[in-house]
Amino acid sequence: MINKQEKLTKVKLKGNESFNIREGWLRKGMRCVQAFPTLFSRDDAMEILGVGSKMVKSIRYWLRATGLTEERAPVGRAREQILTEKFGEVVDQYDRYFDDVFTLFLLHYNIVKNAEGLSVAWDIFFNNYDGQDFTKDDMIEKCKEELNKRLAEGATFSERLFADDCASILRMYNTTDFAEDPEESLSCPLIELGLIRKSANKKGTYVKTPPARELLDKMAVLYVILDNIEEGKESVSIESLINDANNIGKVFNLDRVLINEYLDQLRVSGYITLNRTAGLDMVYVNDNRTPEGVMREYYEKRMR
């Protein structure tokens, strides 16, 4: 994960080649890198994946940005792409066709937390941009201001490419705006999460929205909480869940009321203990669970 205190010297932009995740891409990519770890260094990558050259680059980007794969560069050999042990391999074991919306929420989380510096626009939009009833132009401008704050002295970025990434975000999650590219909008599975919608109040504006309660399972919430708790600690404040970058309030567009509803669900199920006395508002995680363990527990229960 990028340390938010470190200044960026370079920014990876438009790694998706303007293509958002398409139905079947992630499964195809995972299957092919398992068969051919050096897939993205091969001259026949387009034939293996059955897509054009820019789509090959996009699939490579999204496999890494979603946390499904990581790259390694063995000395004297071509770069290899392998499934990540604690995420990609678990998804491949339990939900390789990405049928469960639980998996989609975790893919979204991995994109937003921007672990390899691949998805900075997504990081900024969900973690730092609080606009409501916002236009695309306002979103781009405000997110650009935040990116400028993160840059080291002398570092620059392409404003055009950054604007392209911001436009990709709106197409990626918005369920109602198909004007720019109907095929792109309809084919991205993360649209199902319902995190951005066209505003009903003002034409040409958007609004961040929380996912429907029946879509966001409490176990996805628990996964993100656990993944953000500092190493060696077993507790976190509710304020941190609401306000901290990459935590459930920012990543899932949840306000205090919704967060407390999910916390109560987790408490009743025995996953956490809450201390709301004397103004503490602390969450204590029970039984030393890990994010990977939460994934496996969720999938195992779904399979019964």
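Computed from a prediction, not measured in an experiment: that's the story for all the values here.
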| query | So, are R296 and E292 salt-bridged, with charged N and O less than 4.0 Å apart? | reply | yes

Inset, instruction - Output yes when K202 and D133 qualify as a salt bridge under the 4.0 Å nitrogen-oxygen rule, no when they do not. - result: no

Grouping ILVMFWY residues whenever side-chain heavy atoms fall under 4.5 Å, the cluster of V207 otherwise contains none

Can I169 be reached from I140 by stepping across I, L, V, M, F, W or Y side chains whose heavy atoms are under 4.5 Å apart?
-> no

Taking atom types as modelled and ignoring hydrogens, do the side chains of R72 and Q81 form a donor-acceptor contact shorter than 3.5 angstrom? no

- [ ] Would you check if there is a donor-acceptor pair between the side chains of Y299 and Q93 at a distance under 3.5 Å?
- [x] no

Pair N253-Y173, side-chain donor/acceptor within less than 3.5 Å
no

Query raised in the report: Does the side chain of Y271 come within less than 4.5 Å of E297's, by heavy atoms?
Result: yes

Where does the angle between the aromatic ring planes of F19 and W25 fall among parallel (under 30°), tilted (30 to 60°) and perpendicular (over 60°)? perpendicular

Next on the checklist: When you compare the side chains of Y298 and D100, does any donor N or O come within less than 3.5 Å of an acceptor on the partner?
Outcome noted: yes

Separation between SG (C32) and CG (L39), nearest 0.5 Å, reads 6.0 Å

When rounded to the nearest 0.5 Å, the distance separating OH of Y97 from CE of M30 is 11.0 Å

Next on the checklist: What I'd like to find out is whether the side chain of F157 reaches to under 4.5 Å of the side chain of K10, using heavy atoms alone.
Outcome noted: no

Sidechain-backbone polar pair: T209 side chain, G194 backbone, donor-acceptor under 3.5 Å: yes

- Any donor and acceptor pair, going by atom type alone, linking the side chain of T66 with main-chain N or O of L63 inside 3.5 Å? yes

Take a 6.0 Å sphere around CZ of R31 and say whether it holds more than 12 heavy atoms from other residues, nucleotides or ligands. yes

Practice item. Compare all side-chain heavy atoms of N20 with those of W62 and state whether any distance is below 4.5 angstrom. Key: yes

Interatomic distance, CD@Q132 vs NZ@K208, rounded to 0.5 Å, equals 7.5 Å

* Does the side chain of D92 come within less than 4.5 Å of R27's, by heavy atoms? -> yes

Hydrophobic clustering (ILVMFWY, side-chain heavy atoms < 4.5 Å, transitive) - are L215 and L190 grouped together?
yes

Taking the six-membered ring of Y206 as reference, does the cationic atom of K198 (NZ for Lys, CZ for Arg) lie under 6.0 Å from its centre and within 45° of its axis? yes

*asked:* Starting from M219, can I reach M303 by hopping between I/L/V/M/F/W/Y residues whose side chains sit under 4.5 Å apart?
replied: yes

- Query: Aromatic ring centroids of F125 and F134 under 6.0 Å?
  - Reply: yes

For the residue pair L263 and V221, establish whether any side-chain heavy-atom pair is separated by less than 4.5 Å.
no

If two hydrophobic side chains count as joined below 4.5 Å and joins carry through other members, does M46 share a cluster with V33?
yes

Query raised in the report: Around E234, counting heavy atoms of other residues, nucleotides and ligands shown, do more than 12 lie under 6.0 Å from its CD?
Result: no

Between P211 and L195 the two heavy atoms that sit nearest each other are CD-CD2, 3.7 Å

Between D123 and the options K113, R150, K250, the salt bridge (charged side-chain N to carboxylate O under 4.0 Å, His left out) test singles out R150

Requested in this report: Given salt bridge (charged side-chain N to carboxylate O under 4.0 Å, His left out), test R276 with D264 step by step and report yes or no.
Outcome: CA-CA 12 Å; R276 293 190 174 111; D264 283 334; 3.3 Å; yes

Next on the checklist: Does I191 form a side-chain contact (heavy atoms from CB on, under 4.5 Å) with N174? I'd like the steps, not just the answer.
Outcome noted: CA-CA 6 Å; I191 282 177; N174 173 36; over 6 Å; no

Checklist entry - Do R256 and N243 get their side chains close enough for a donor-acceptor pair, meaning under 3.5 Å? => result no

*Is a side-chain donor or acceptor of D255 paired with a backbone partner of L258 at a separation under 3.5 angstrom?*
yes

message: Can you tell me if R213 has over 12 outside heavy atoms packed within less than 6.0 Å of its CZ?
response: no

Quiz item: Is a salt bridge present between K149 and E145, judged by a nitrogen-to-oxygen distance below 4.0 Å?
Solution: no

Does either side chain, that of N275 or that of T277, offer a donor lying less than 3.5 Å from an acceptor on the other one?
yes

Could you check whether any side-chain N or O of N114 sits under 3.5 Å from a backbone N or O of S119, counting only pairs where one atom can act as donor and the other as acceptor?
yes

**Q.** Pair K12 + E116: basic N to acidic O under 4.0 Å
**A.** no

Q.
With a 4.5 Å cut-off on side-chain heavy-atom distances among I, L, V, M, F, W and Y, is there a chain of contacts connecting I259 to M282?
A. no

Item to complete: Could you verify whether a donor N or O on one side chain and an acceptor N or O on the other, from N228 and Y109, lie under 3.5 Å apart?
Response: yes

Heavy-atom nearest pair, A220 first then F102, reads N-CE1, 3.4 Å

Separation between SG (C166) and CD1 (I124), nearest 0.5 Å, reads 7.5 Å

Sorted by chain and number, sequence neighbours left out, side chain to side chain donor-acceptor pair (under 3.5 Å) with E230 holds for none

Report task. Report the C-alpha separation of L226 and T290 in whole Å, then their side-chain angles, then the decisive distance to 0.1 Å, and conclude whether the side-chain contact (heavy atoms from CB on, under 4.5 Å) test is met. Result -> CA-CA 6 Å; L226 290 175; T290 64; 5.8 Å; no

Going by atom types only, do T38 and S41 share a side-chain donor-acceptor pair under 3.5 Å? no

For T69 and T84, the nearest pair of non-hydrogen atoms, with its separation, is C-CG2, 3.7 Å

Rounding to 0.5 Å, atoms CD1 (I21) and NE2 (H108) come to a distance of 11.0 Å

Exercise. Just by modelled atom types, is the D164 backbone N or O under 3.5 Å from a matching donor or acceptor in the S168 side chain?
Worked result: yes

Nearest heavy-atom contact between Y61 and L118 is OH-O, 2.8 Å

Scanning both residues in full, the closest heavy-atom pair of R289 with G270 reads NH1-O, 4.4 Å

Here the pair of heavy atoms bringing E89 nearest to L83 is CG-CB, 3.9 Å

Under-4.0 Å salt bridge between K142 and D130 = no

Please assess N286 against T273 for the test side chain to side chain donor-acceptor pair (under 3.5 Å), listing each intermediate value before the final yes or no. CA-CA 7 Å; N286 301 337; T273 299; 3.1 Å; yes

Side-chain heavy atoms of I196 within contact of M172, under 4.5 Å: no

**Stepwise side-chain contact (heavy atoms from CB on, under 4.5 Å) check, N246 with F126** = CA-CA 8 Å; N246 300 328; F126 282 97; over 6 Å; no

Q: Say whether N16 and S58, considering side chains only, have a donor N or O and an acceptor N or O under 3.5 Å apart.
A: no

Between the CD1 atom in I238 and the CG atom in D281, the distance rounded to the nearest 0.5 Å is 4.5 Å

**Prompt:** Are V11 and L151 close enough that some pair of their side-chain heavy atoms sits under 4.5 Å apart?
**Reply:** yes

Does a donor on one side chain sit under 3.5 Å from an acceptor on the other, for D95 and T103?
yes

_Would you say NZ of K57 has more than 12 non-hydrogen atoms from neighbouring residues, nucleotides or ligands within 6.0 angstrom?_
no

* Asked: Do I248 and Y262 have side-chain heavy atoms sitting under 4.5 Å apart?
  -> no

